[in-house]
There are 2 protein chains.
Amino acid sequence: MSAALLHHIAQYTKLPAGEDQELLNFFRRINVNKKEMLLEEGQSCKTHYFVEKGCLRMFFLNSKGVEQTTQFAIENWWITDHMAFQLQKPASFYIQSVEASQLLALDFQVQEKLFLRFPQMESYFRQLYERAYAASQTRVKYLYDLSKEDHYRNFIEKYPGFAQRIPQYLLASFLGFTPEYLSEIRKKHRS
Amino acid sequence: MSAALLHHIAQYTKLPAGEDQELLNFFRRINVNKKEMLLEEGQSCKTHYFVEKGCLRMFFLNSKGVEQTTQFAIENWWITDHMAFQLQKPASFYIQSVEASQLLALDFQVQEKLFLRFPQMESYFRQLYERAYAASQTRVKYLYDLSKEDHYRNFIEKYPGFAQRIPQYLLASFLGFTPEYLSEIRKKHRS
DNA sequence: CGGATCGTTGATCAACTTCAACGGTCGTGG
DNA sequence: CCACGACCGTTGAAGTTGATCAACGATCCG
């Protein structure tokens, strides 16, 4: 049980043997159904989520009031509104389950205690954030460089199968264009 | 001397007293003139740069062969191609000085020794990357939400003065549009 | 079975790019 | 210290990309 997180941590750092359960005690276990809201804009963001099973998404309401998805989190991904989490300020994003999901939750106050008790976790998160930031640099590069159509092609090539896992309007929202335009691209792509 | 980095670190973590010089020995001091290249696409990216004084920029060549600036680094900022740095793979970005600059350089191999000798530096970088990633989430939000014109307005409001420090074509490149269009926006903005 | 939600299609429209041309200024060599 | 060339910012016309709006059919779920 709960092997997912421990296995993930083991890829980055070596934890002391026999203390798995004590480590897991720092986390809350959460189960959610489809379309449950885990965070809403304006709320305080107390929690960092690890997805054991399922899929979450992060989005915000853009200046026209339309939901704009900025991130998905599937198995073995962490997700939160980091600006709100770190500074303990009101969130500017929503987090919602796309599918029924099993999560582990790490609360802000608990995190500091976790680092004191397991210094290896500081190293784990250092490496995790470093990678997340690196991925973000790459993503910004794509956002600058790729046309909407190339963005679509790049996505389905990089994450084959995932496009089938989510409704099409969410994919359009994530890729940054309208469902109508996605429809047009797909038509062109088929023929 | 070199107070800038120590002062920056002190904002995130407490270093042991009297060991400043030993800490600084892990870094190389570098001075560059205007427009010197510190990293080029395809090279291995060995170094993480801290700007004590001056300004660097990161850019890539887009699919049309045009330089696309993705990041500036001024005083007290760190900069590197993180994907290439972490994985020690060929860089996909260029790093170039915008002004004559004083830098501190932390090399990849040295970094691991630094963490062993000064565990607080692991915490410093964990917090730094966490903030960088948070800022990146906010940036992606802007990239999705703001029109090019709003992007310009938002930038000069958030970083007053910086727009005067760099040539206009670099600002246009960073904001993701053509110098011609920036010119048009500025005209509209004046009147 | 019925209503709401989702994907598709086509027409019109706005934002931004591209291209070409011109004037100003900066810095470098003579 | 001057003159020349290269680079930079601006302007306007024409062209693209992708958004918006409205309408329709399909499908999912209660």
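The sequence lines fix the lettering, A, B, ..., with proteins before strands; numbering per chain opens at 1.
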> How far apart are the C-alpha atoms of A/R126 and A/E122, what are their side-chain angles, what is the distance that settles it, and do they pass the salt bridge (charged side-chain N to carboxylate O under 4.0 Å, His left out) test?
Replying inline: CA-CA 6 Å; A/R126 195 263 302 163; A/E122 182 109 41; over 6 Å; no
> What residues join A/Y142 in its hydrophobic cluster, counting side-chain heavy atom gaps under 4.5 Å, either direct or through other members?
Replying inline: A/L146
> Can you list the other members of the hydrophobic cluster that holds A/M83, where links are side-chain heavy atoms under 4.5 angstrom apart?
Replying inline: A/L87
> Take atom CD in B/Q11; do more than 12 heavy atoms of anything else shown fall under 6.0 Å from it?
Replying inline: yes
>> Please give the remaining members of the hydrophobic cluster of A/F108, linking ILVMFWY side chains under 4.5 Å, ordered by chain and number.
In response: A/F85
>> Ring-plane angle category for A/Y159 and A/F155, please: parallel below 30°, perpendicular beyond 60°, tilted otherwise.
In response: tilted
>> Just checking B/R131: does its CZ atom have more than 12 heavy atoms from other residues, nucleotides or ligands closer to it than 6.0 angstrom?
In response: no
> What are the two closest heavy atoms between A/T70 and A/F174, and how far apart are they?
Replying inline: O-CE1, 3.4 Å
> What integer distance in Å separates B/I185:CD1 from C/dT17:P?
Replying inline: 8 Å
>> Tell me which residues in residues 57-70 of chain B lie within less than 4.0 Å of DNA chain D, going by non-hydrogen atoms.
In response: none
>> Would you call the rings of A/Y129 and A/H48 parallel, tilted or perpendicular, taking 30° and 60° as the class edges?
In response: parallel
Could you list all N or O pairs between the protein and nucleotides 28-30 of chain D that sit under 3.5 Å apart?
none

>> Rounded to whole Å, please give me the gap between CG in B/L171 and C1' in D/dG9.
In response: 13 Å
>> For A/Y49, run the side chain to side chain contact (heavy atoms under 4.5 Å, CB included) check against A/I79, A/L39, A/L106 and tell me which one passes.
In response: A/I79
>> Roughly what angle, to 10°, lies between the helix axis at the start of the helix from C/dC1-D/dG30 to C/dG30-D/dC1 and the one at its end, five pairs per end?
In response: 50°
Please produce a list of atom pairs where a protein N or O lies less than 3.5 Å from an N or O of nucleotides 7-10 of chain C.
| unit_1 | atom_1 | unit_2 | atom_2 | d |
| --- | --- | --- | --- | --- |
| C/dG7 | OP1 | A/Q168 | N | 2.9 |
| C/dG7 | OP2 | A/Y169 | N | 3.3 |
| C/dT8 | OP2 | A/Q168 | NE2 | 2.6 |
| C/dT8 | OP2 | A/S183 | OG | 3.0 |
| C/dT8 | O5' | A/S183 | OG | 2.9 |

>> Enumerate the salt bridge (Lys or Arg N to Asp or Glu O under 4.0 Å) contacts for residues 7-27 of chain A, please, sequence neighbours excluded, ordered by first and then second residue.
In response: A/E19-A/R117, A/E22-A/R117
> Can you list every pair that meets side-chain hydrogen bond (donor to acceptor under 3.5 Å, both in side chains) and has a residue in residues 72-82 of chain A, with sequence neighbours left out?
Replying inline: A/E75-A/R165, A/W78-A/Y124
> Rounded to whole angstroms, how far apart are CG on A/L175 and P on D/dT17?
Replying inline: 18 Å
> What are the residues of residues 150-164 of chain B, sorted by number, that bring a heavy atom to within less than 4.0 Å of DNA chain C?
Replying inline: none
>> Who clusters with B/M37? Use side-chain heavy atoms, under 4.5 angstrom, across I, L, V, M, F, W and Y, and order the result by chain and number.
In response: B/F59, B/L61, B/Y94
> Please give, in whole Å, the distance from C/dG27 P to B/N33 CG?
Replying inline: 14 Å
>> So, using ring-ring contact (aromatic ring centres under 6.0 Å, His included) as the criterion, who are the partners of A/Y144 when residues are at least two apart?
In response: none
> B/K148 side chain to B/L175 main-chain N or O, any donor-acceptor pair under 3.5 Å?
Replying inline: no
